[in-house]
Amino acid sequence: MSAPQSYYVPVDAGEAEFTEKRSHFLGHVRRVETEAEARAFLDEMRKKYYDARHNCWCYVLHEGGVVRYGDDGEPQGTAGQPMLNVFQRENVENVVCIVTRYFGGILLGAGGLTRAYAKAAKDALDAAGKAWMQPFSVLQLECPYPMFERIKLLIEGHEGRIESSDYGAAVTLTFLLPVQKTADFSAALTELSGGQMSAEEVEQRFLPGARE
């Protein structure tokens with residue numbers, strides 16, 4: 001089976017707002033996994049901003065390559081498509097974005113609209129932050145109590161994170177490491193423990209890495 005293709009996802013919920021020629025723009029970005037989640041979020045935002053002139057939107061899902069967008073009454077090609085272009089350019093997937101516009105009475109023209117909707121989407125994405133999806137090894141390690149703090153530092157030093165700790169006669173750690181870091185970690189663990197400790201891979205998962 002081929003490895004999953006790498007891509008970015010939003011880290012947090014992101015929001016942005018600004019005013020352009022008296023029109024007020026509100027951008028919202030969320031991470032989603034399914035089309036149903038994306039549509040539920042759009043429905044929520046439309047209800048919240050029911051009194052706005054336009055609620056333009058887009059979403060991109062990794063699974064199945066689903067891409068959708070809507071201009072919600074703005075001239076075709078001036079809202080949903082420029083928003084979508086932001087996420088495609090940034091290689092961000094599993095994302096939904098809605099930009100609300102309260103019309104201020106001054107026409108912005110096609111170019112002005114395109115720039116404003118793209119800016120709202122990009123600013124909201126920047127507020128959310130993004131993380132690279134990558135393969136992680138799920139590892140287990142039995143650690144004597146006197147070595148616990150040093151092992152925690154070793155895991156953190158290899159961009160890993162502890163998922164659970166089971167305290168018995170020793171500490172059984174379950175932790176995640178980027179796949180490309182596992183060989184270096186194993187070598188460092190062997191050196192630190194004098195060859196007395198080793199970690200066993202339980203499975204692999206495709207997860208967001210560090211925030212960028």
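Nothing here was measured: the structure is a model prediction, and the numbers come from that model.
Residues Val92 and Val96 are members of separate hydrophobic clusters, defined by side-chain heavy-atom contacts under 4.5 angstrom among Ile, Leu, Val, Met, Phe, Trp and Tyr. Note: the hydrophobic cluster containing Trp132 also contains Val95 (ILVMFWY, side chain heavy atoms under 4.5 Å, direct or indirect links). When hydrophobic clusters are built by joining Ile, Leu, Val, Met, Phe, Trp and Tyr residues whose side-chain heavy atoms come closer than 4.5 Å, directly or via intermediates, Val179 is not grouped with Phe136. The cluster map of Ile, Leu, Val, Met, Phe, Trp and Tyr, joined by side-chain heavy atoms under 4.5 Å apart, puts Leu176 and Phe185 in different clusters. Leu139 and Phe206 are assigned to two separate hydrophobic clusters, defined by single-linkage of ILVMFWY side chains at heavy-atom distances under 4.5 Å.
For the residue pair His24 and Thr19, the shortest heavy atom distance occurs at ND1-OG1, 3.0 Å. The shortest heavy-atom contact between Gly77 and Thr114 is O-OG1, 4.1 Å. What you find for Ser137 and Glu201 is that their closest heavy atoms are OG-OE2, 2.6 Å. For Ile106 against Phe103, the heavy-atom pair with the smallest separation is O-CE1, 3.5 Å. Considering all non-hydrogen atoms of both residues, Ala124 and Val29 come closest at CB-CG2, 3.6 Å. The shortest non-hydrogen separation linking Leu173 to Ser165 is CD2-OG, 3.4 Å.
For Asp123, the salt bridge (charged side-chain N to carboxylate O under 4.0 Å, His left out) test picks out Lys119, with sequence neighbours left out.
The line from CD of Glu203 to OG1 of Thr174 is 10.0 Å long, rounded to the nearest 0.5 Å. Residue Arg39 holds its CZ atom at 5.0 Å from CH2 of Trp57, rounded to the nearest 0.5 Å. Rounding to the nearest 0.5 Å gives a distance of 9.5 Å between CD1 of Ile162 and CD1 of Ile151. Atom CG of Leu84 and atom CZ of Arg89 lie 10.0 Å apart (nearest 0.5 Å). How far SG of Cys58 is from CD of Gln88: 8.5 Å, rounded to the nearest 0.5 Å. From Thr100, atom OG1 reaches atom NE2 of His28 across 7.0 Å, with rounding to the nearest 0.5 Å.
Taking 4.5 Å as the limit, some side-chain heavy atom of Met133 sits within range of a side-chain heavy atom of Pro208. Residues Pro144 and Met197 meet the side-chain proximity criterion, which asks for heavy atoms closer than 4.5 Å. With a 4.5 Å cut-off on side-chain heavy atoms, Leu141 and Leu189 count as touching.
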message = The test is side chain to side chain contact (heavy atoms under 4.5 Å, CB included); show your working for Met147 and Leu192 and say whether it passes.
response = CA-CA 9 Å; Met147 295 286 289; Leu192 179 65; 3.8 Å; yes

ask   = So Tyr145 and Tyr167, side chain to side chain contact (heavy atoms under 4.5 Å, CB included) or not? Walk me through it.
value = CA-CA 9 Å; Tyr145 282 92; Tyr167 299 94; 3.4 Å; yes

message = Between Arg161 and Leu207, does the side chain to side chain contact (heavy atoms under 4.5 Å, CB included) criterion hold? Intermediate values first, please.
response = CA-CA 12 Å; Arg161 51 187 187 257; Leu207 299 167; 4.2 Å; yes

Could you list the donor-acceptor pairs under 3.5 angstrom formed by side chains in residues 41-51, with sequence neighbours left out?
{"unit_1": "Asp43", "atom_1": "OD1", "unit_2": "Arg46", "atom_2": "NH1", "d": "3.0"}
{"unit_1": "Asp51", "atom_1": "OD1", "unit_2": "Tyr102", "atom_2": "OH", "d": "2.7"}

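Of the candidates Arg30, Glu35, Glu93, Glu35 is the only one forming a side-chain hydrogen bond (donor to acceptor under 3.5 Å, both in side chains) with Tyr59.
For the pair Arg101 and Tyr117, the cation-pi test (distance below 6.0 Å, angle within 45°) is failed.
Side-chain heavy-atom separations under 4.5 angstrom define the hydrophobic clusters, and Leu153 shares its cluster with no other residue.
Side chain of Ser23 to backbone of Gly104: a donor-acceptor contact under 3.5 angstrom is found. Checking side-chain atoms of Asn94 against main-chain N and O of Glu33 turns up no donor-acceptor pair under 3.5 Å.
By the neighbour-count criterion of 12 heavy atoms within 6.0 Å, atom CD of Glu37 is densely surrounded, having more than that number from other residues, nucleotides or ligands.
For the pair Glu20 and Arg115, the salt-bridge criterion is not met [side-chain N within less than 4.0 Å of a carboxylate O].
In this structure, Phe25 and Phe18 have parallel ring planes: the angle between them is below the 30° cut-off, well short of the 60° mark.
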